[in-house]
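Order of appearance sets the numbers: ligands from 1, and atoms from 1 within every ligand. Computation of the quantities below employed the complete heavy-atom set of this structure, encompassing side-chain atoms and omitting hydrogens, waters and symmetry-equivalent molecules. None of these values were measured; they are calculated from a predicted model.
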Amino acid sequence: MKQAKIVGTGSYLPQKILTNFDLQNMVETSDEWIVTRTGIHERRLAQENEFTSTMGLAAAKKAIDDAQKIPQDIDCIIVATLTPDYIFPSTACLIQHALGINGPAFDMQAACSGYIYGLSIAKAFVENGQYKNVLIVASEKLSSIVDYSDRTTCVVFGDGAAACVVSLEGKGLSIDSVKLGASGEYADLLILPGGGCRHPATHETVDQKMHYLRMKGNEVFKHAIRNMESAVRECLADLHLEESNIDWLIPHQANKRIIDALAKRFSHLSEEKVVQNVISKYGNTSASSIGIALDELRKEGKVQHHEKIVFTAFGAGFTWGAAIVTNQK
Ligand code: UT7
């Protein structure tokens, strides 16, 4: 049976750090509140000349290198982002040009679940033989849509990028199962109201701050835990596996309290098997967070042969998803 694998990973974080102490000088908040409620200590911010495409390109080059391939081996590019350089053309086309390659390239928007949605599409593409080496890039310049006078959102989000190469050939993480979900009835709970065709940019949309993201955080929170857990269970059922077969859990890095609540539902996993340091260092990087966490975990060399990693994410839409991969060295 043809089996898609993640054969290379990469990530890129901008150098500029925004700490909780910096934020204390910008809005009415405290390091103590942010750490207790979110687990975040600091986040990265892109410079003015860094964009979703340039950060994504940096992560992509590392992933291609890690896969022991060259850019010309890539025959399809999928970019997951909710902060594209432009509404059009796609950020994927900008990255394709920068890599100097041909082949289809498109953006795909599933908010924070983008990396997992991307894995599902790439798996289908390579397993059905349509493309050989699919590059997934998840990249976000969330600082471009965050209102740094709104304490309920500005403490949470950060910038960063991740990428991976999905292929049939080579060593890596076999993508054993992917399950996706969505529920548009909650669209208003996490939304960028302005800039689309419903509210194109006008002086009024700018005055009303409609080009900044808005989130009803505590409502999103409840849905996040429930849907991520059920997506993981769907993947387990799909593969006829038990909870105890999971060796590592990489949840979307949205909030340490969400990660902890999810970890409790998979209580056989010890604390060090649930990735949670990424939220502390980089905040919520939306589509990029799982890819960044995966890249760091792989580079630390902790994942043993045949161990299974579960990814799960939840985001605006709402969208959610989970994937189970196995390390095939
Ligand atoms: O990535 C996509 C999915 N996104 C998520 O999963 C995000 C999920 N949500 C969250 O991470 C959390 O809901 C937040 C971190 C955004 C907020 O934490 P919370 O514990 O849900 O706080 P809350 O919104 O219920 O607010 C509690 C209190 C409020 O004050 P009152 O009304 O009780 O007086 C807020 O005004 O905390 C206040 N507050 C703050 N205080 C200090 C909100 N933000 C801050 C802040 N500093 N930065």
Side-chain angles (χ1 to χ4, degrees), residues 18-43 80-83 109-117 138-143 145-162 180-184 186-192 212-232 250-263 265 275-276 278-280 282-293 311-322:
L18 181 71
T19 67
N20 293 349
F21 298 101
D22 296 328
L23 283 161
Q24 280 182 187
N25 298 324
M26 295 159 67
V27 287
E28 200 183 326
T29 191
S30 66
D31 174 59
E32 201 250 330
W33 190 97
I34 302 171
V35 173
T36 318
R37 297 292 185 114
T38 70
I40 302 168
H41 287 89
E42 53 190 46
R43 66 290 292 140
T81 184
L82 46 70
T83 50
Q109 209 273 82
C112 302
S113 313
Y115 193 84
I116 295 179
Y117 269 64
S139 182
E140 301 286 14
K141 185 172 175 177
L142 290 163
S143 58
I145 56 164
V146 165
D147 175 1
Y148 285 95
S149 66
D150 172 9
R151 68 175 184 174
T152 66
T153 53
C154 75
V155 302
V156 175
F157 295 100
D159 299 334
L180 306 175
S183 185
Y186 302 107
D188 287 347
L189 296 182
L190 183 43
I191 190 167
L192 181 70
Y212 292 127
L213 76 80
R214 292 179 187 170
M215 175 169 75
K216 296 213 168 63
N218 47 12
E219 294 186 49
V220 177
F221 194 108
K222 289 176 235 157
H223 290 275
I225 299 165
R226 203 176 316 134
N227 286 296
M228 286 198 282
E229 180 188 3
S230 64
V232 172
I250 305 186
H252 169 46
Q253 306 283 299
N255 183 316
K256 169 109 168 46
R257 287 189 294 139
I258 296 179
I259 298 171
D260 288 346
L262 193 65
R265 288 157 165 83
V275 174
Q276 47 196 299
V278 169
I279 183 72
S280 159
Y282 310 134
N284 181 342
T285 54
S286 188
S288 317
S289 90
I290 287 182
I292 294 169
F311 312 140
T312 184
F314 181 84
F318 292 147
T319 59
W320 60 87

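Contact between V155 and ligand 1 is present, with at least one heavy atom of the residue lying under 4.0 Å from the ligand. Within the 4.0 Å heavy-atom shell around ligand 1 one does not find K216.
Counting atoms of ligand 1 from 1 in the listed order, those under 4.0 Å from a heavy atom of F314 are 2 (C), 3 (C). Shown in contact with T152 at under 4.0 Å from a heavy atom are these atoms of ligand 1, numbered in order with element: 16 (C), 43 (C), 44 (N). Taking every non-hydrogen atom of A254 and a distance limit under 4.0 Å, the qualifying atoms of ligand 1 come out as 1 (O), 5 (C), 6 (O).
The single protein non-hydrogen atom nearest to atom 15 (C) of ligand 1 is T38 CG2, 3.4 Å, given as residue, atom name and distance. The single protein non-hydrogen atom nearest to atom 17 (C) of ligand 1 is W33 CH2, 3.9 Å, given as residue, atom name and distance. Of all protein heavy atoms, the one closest to atom 14 (C) of ligand 1 is N255 ND2, 4.3 Å. In terms of protein heavy atoms, atom 6 (O) of ligand 1 is closest to I258 CD1, 3.4 Å. Protein heavy atom at the shortest distance from atom 30 (O) of ligand 1 is R151 NH2, 4.4 Å. The protein heavy atom nearest to atom 22 (O) of ligand 1 is R37 NH1, 3.5 Å. Among protein heavy atoms, the minimum distance from atom 18 (O) of ligand 1 is reached at R257 NH2, 3.6 Å. Nearest protein heavy-atom neighbour of atom 4 (N) of ligand 1: V220 CG1, 3.7 Å.
Across I34 and I40, no two heavy atoms sit closer than the pair CG2-O, 3.6 Å. Minimum heavy-atom separation, A287 to A111: CB-O, 3.5 Å. The minimum heavy-atom distance linking L192 with Y212 is given by the pair CD1-C, 3.3 Å. Shown here for C154 and R151, the closest heavy-atom pair between the two residues is SG-CA, 4.0 Å. Contact detail for A80 and Y115: the closest heavy-atom pair is CB-N, 4.2 Å. Between Y282 and R43, the closest heavy-atom pair is O-CB, 3.4 Å.
Between H223 and Y186, the two ring planes are tilted [angle within 30° to 60°].
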(request) Evaluate side-chain contact (heavy atoms from CB on, under 4.5 Å) for M215 paired with V220, printing each intermediate quantity in order. (result) CA-CA 8 Å; M215 175 169 75; V220 177; 4.0 Å; yes
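Not counting sequence neighbours, the partners of A313 by the side-chain contact (heavy atoms from CB on, under 4.5 Å) test are S113, I116, H252, I290. For D260, the side-chain contact (heavy atoms from CB on, under 4.5 Å) criterion is met by K256, Q276, not counting sequence neighbours.
Of the N and O atoms on the side chains of T38 and N255, not one donor lies less than 3.5 Å from an acceptor on the other residue. When only modelled atom types and interatomic distance are considered, E140 and T83 share a side-chain donor-acceptor pair under 3.5 Å.
Comparing heavy-atom distances from atom 25 (O) of ligand 1 across N218, L23, V27 singles out N218 as nearest. Around atom 2 (C) of ligand 1, the closest heavy atom drawn from C112, S289, G317 belongs to C112.
Residue N284 places at least one N or O, backbone or side chain, under 3.5 Å from an N or O of ligand 1. Considering backbone and side-chain N/O atoms, H252 comes within less than 3.5 Å of an N/O atom of ligand 1. Between G217 and ligand 1, a contact under 3.5 Å exists for at least one N or O pair.
Counting protein heavy atoms under 4.0 angstrom from atom 32 (O) of ligand 1 gives zero. Counting only heavy atoms, the protein gets under 4.0 Å from atom 36 (O) of ligand 1. Within the 4.0 angstrom cut-off, atom 47 (N) of ligand 1 has one or more protein heavy-atom neighbours.
No option in I292, T312, V275, I259 other than V275 meets the side chain to side chain contact (heavy atoms under 4.5 Å, CB included) test with I250.
Contact annotation: for T29 versus ligand 1, heavy atoms closer than 4.0 Å belong to both the backbone and the side chain.
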